[in-house]
Enquirer: 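First, the structure itself, so that you have it in front of you.
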Amino acid sequence: MRNRTTSVLVSGSQRSVMLLLAMIVCSIPLNAQTWTWKNPLPHGVTNNSIQRPEDNHIIIVGDQGRIIRSTDDGKTWDLTESNTNISFHDQSFYDSEYGWACGEDGIISRSTDGGRTWHRQNTGTTKRIYAINFFSREVGWACGVGGLILYTSDGGSTWVDKSYDEPFFLRSIYFDDDRRGWAMGWNGLILETTNGGTSWVKKDFNLPGNPEYIYYVNDRVRLICGGNGLMLKTSNRGEDWRMIETPTGVTLISMYFTTDKNGWCIGKGGVILKTEDGGETWNKVNSGTDKDLMDVSFSDLGTGIALGVEGVLLRSSDWGDTWTSVSRGPRTSFYQVEFVGKSGWVVGQDGTVRYSSDGGESWYDAKASAIELNDIGMFDARTGLVVGYGGYIARTVDGGATWTSMQQEKAYHLLSVDAGKGNVAIAVGTNGKYARTLDGGQNWSLGTFPQEVRMQSVTHIGGSCWIAVGDRRTMYRSCNDGASWDAVDMSGMDDQSIDFLSASFLNEQTGWVCGTRGTILFTDDGGLTWGKGRTNLYLPLADIDFSDELNGMAVGPEGTVLVSNNGGRTWTKLDRVADVGLVSVAAIAKKQQWVVGHNGTILRCDWE
């Protein structure tokens, strides 16, 4: 894919010193890192819970410690510093100033200024806290996994364990008064207390289906929603329940009422239901998304906010009849990121190209084609190439603002391209095909590798030398700018079925390859021989890049990020940074990497 060829190559003695240093520093802990979302905005991780401290003032908490805040009824949003990357699941604001958020690792954080700043409290547990509810600035309850129930009477300065003695997963908690309360968990579990939480009794209501969430409409009416479109209603504080028909079969997750009559329920697959008769009948409205929705809230003036996975953020200004997205930026998947100095590019789905000339602070949209673009290779900040399906190749000479098609409609796909020395560039793809240009991409010749396998990645390693890798641990090396290729013997690998997905070189000697089953290889002799890094991972790794001989990053599915500070010998998995698959990484400096992936993900990582 990309190369990182330096102007001065490291000599053999220097390299030995560097490798020795790598072994010495392998136990040095990693510094803290900050991940900044550049697309979509305000971020692309799951939003879990919404609260309105005031009618136009909205707080949303979500995964990876993300908290966003709006003061104009959801028209615009700003990120708030939460002082953590631990995921939040729920929140409770008692008034316009005092609020609490809870989540993974026993976290409860409190705000006393309307969600502008947050400070973690000591809960005495590391269990996941799934729900929290405050009934004054002092009195609050929280619940979570393992039957966890916590109580505070001093605003969370201290928390008292009131847990149930069976390891149930509790998902919501509410009190009618200072003595009678309810906690609800999976599979219809309901616990009741009549002595202020001193003891809890399991109630057997024989509820049908798979209840997920309970909502208190008023003093007597409650509604429960859950799996397969389940909706239950009681009008006598839970003594009797009856089933309500809904127009969906998906799991319903949360609901909100503005009056005893008007309410909304959201769920998986972007489902939004609306009722105007207190939950007796429900109608389905078009949300405009198929992503799972996690929570919903409305103002007294009919403005609604629905939120969900992958940063989904919807707004309605007509009591939920119509919805529009307030999340900014394209949601097409990106497959490659590349930087040359301050100039950057990302390419991906539907021929999408985004380019930046200010180090990634701002991005502009271009269109190279309607064809899936798989990779980009730049000769310099102005001239470069993109490749994609159907053998597509396009060329830019103005930094990516416009593109000219060089070839298309071929019987193969091009998956990777890199620009080498002078005007040489090589692209590789399916059926063992490669395309080669000697004039900066204006004319191309087609060749076939000895093995007609899918070739996933090609990188220029320096001079006239190149490495190409592909499926079934295939690797080729050329030192005549692709005129001929020699197979690299990989028969010593334990697993013969591994696919190589990406290659990256820092200079003519030092490079890395990543692939399926958590595979990372490193070389110090220009790819003639390879060692295996230790990842302790079985997931496929889509891309890898190093800023210097020690510091590198690899990315993969489900927000997977691995980092190494010893030249790729050992790797540490970071906490998940996104909900979606990450496809490409560009290490532009020791303390900064750019990562792109599905659903429009563009992330910048800065290290302390």
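Values below: every heavy atom of this structure, side chains too, minus hydrogens, waters and symmetry copies.
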Enquirer: Quick check, are the ring centers of Trp594 and Phe339 under 6.0 angstrom apart?
Expert: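 Centroid distance Trp594-Phe339: below 6.0 Å, so yes.
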Enquirer: Just to verify, what does His413 make a ring-ring contact (aromatic ring centres under 6.0 Å, His included) with, not counting sequence neighbours?
Expert: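 Partners of His413 under the ring-ring contact (aromatic ring centres under 6.0 Å, His included) test: Tyr389.
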Enquirer: Can you tell me how far apart OG1 (Thr332) and NE2 (His598) are? Round to the nearest 0.5 Å.
Expert: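 Those atoms lie 11.5 Å apart.
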Enquirer: Working to the nearest 0.5 Å, report the span between CG of Leu528 and CG of Asp486.
Expert: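 Between atom CG of Leu528 and atom CG of Asp486 there are 10.0 Å.
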Enquirer: Okay, side chain of Ser87, backbone of Gln64: is any donor-acceptor separation there less than 3.5 Å?
Expert: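 The answer is yes, because a donor-acceptor pair under 3.5 Å joins these two groups.
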Enquirer: Compare every heavy atom of Met490 with every heavy atom of Arg473, then report the nearest pair and how far apart it is.
Expert: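 Here Arg473 and Met490 meet closest at O-CG, 3.6 Å.
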Enquirer: Taking all atoms of both residues into account, what is the closest heavy-atom pair of Thr570 and Ser564, and its distance?
Expert: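 Taking every non-hydrogen atom into account, O-OG, 2.9 Å.
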Enquirer: To the nearest 0.5 Å, what is the distance between CG on Asp499 and CD on Gln456?
Expert: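 If I round to the nearest 0.5 Å, the distance is 6.5 Å.
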Enquirer: If the plane angle is over 60° it's perpendicular, under 30° parallel, otherwise tilted; pick one for Tyr364 and Tyr355.
Expert: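 Ring orientation, 0 to 90° scale: tilted.
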Enquirer: Arg120 vs Ile107, test: side-chain contact (heavy atoms from CB on, under 4.5 Å). Steps then yes/no.
Expert: CA-CA 7 Å; Arg120 185 170 184 174; Ile107 192 171; 3.5 Å; yes
Enquirer: With distance as the sole test, does Asp350 use its side chain to make a donor-acceptor pair with the main-chain N or O of Ala370 at under 3.5 Å?
Expert: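 Not confirmed, Asp350 side chain does not pair with Ala370 backbone.
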Enquirer: Please report the interatomic distance CD(Glu549) to CD(Gln509), rounded to the nearest 0.5 Å.
Expert: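 Interatomic distance, Glu549 CD to Gln509 CD, rounded to 0.5 Å: 9.5 Å.
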Enquirer: Could you measure the distance from the OG atom of Ser484 to the OH atom of Tyr476? Nearest 0.5 Å is fine.
Expert: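 Here the rounded value is 12.5 Å.
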Enquirer: Counting only N and O atoms by type, is there a donor-acceptor contact under 3.5 Å from the side chain of Asp375 to the main-chain atoms of Val417?
Expert: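 Checked: pair present.
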Enquirer: Kindly confirm or rule out a cation-pi arrangement of Arg66 over Phe88, judged by NZ or CZ under 6.0 Å from the six-membered ring centre and within 45° of its axis?
Expert: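 Output no; distance or angle outside limits.
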Enquirer: If we check side chain to side chain contact (heavy atoms under 4.5 Å, CB included) with Ile498, which of these qualifies: Thr516, Leu521, Val513?
Expert: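 Going through Thr516, Leu521, Val513 one by one, the side chain to side chain contact (heavy atoms under 4.5 Å, CB included) with Ile498 is satisfied by Thr516 alone.
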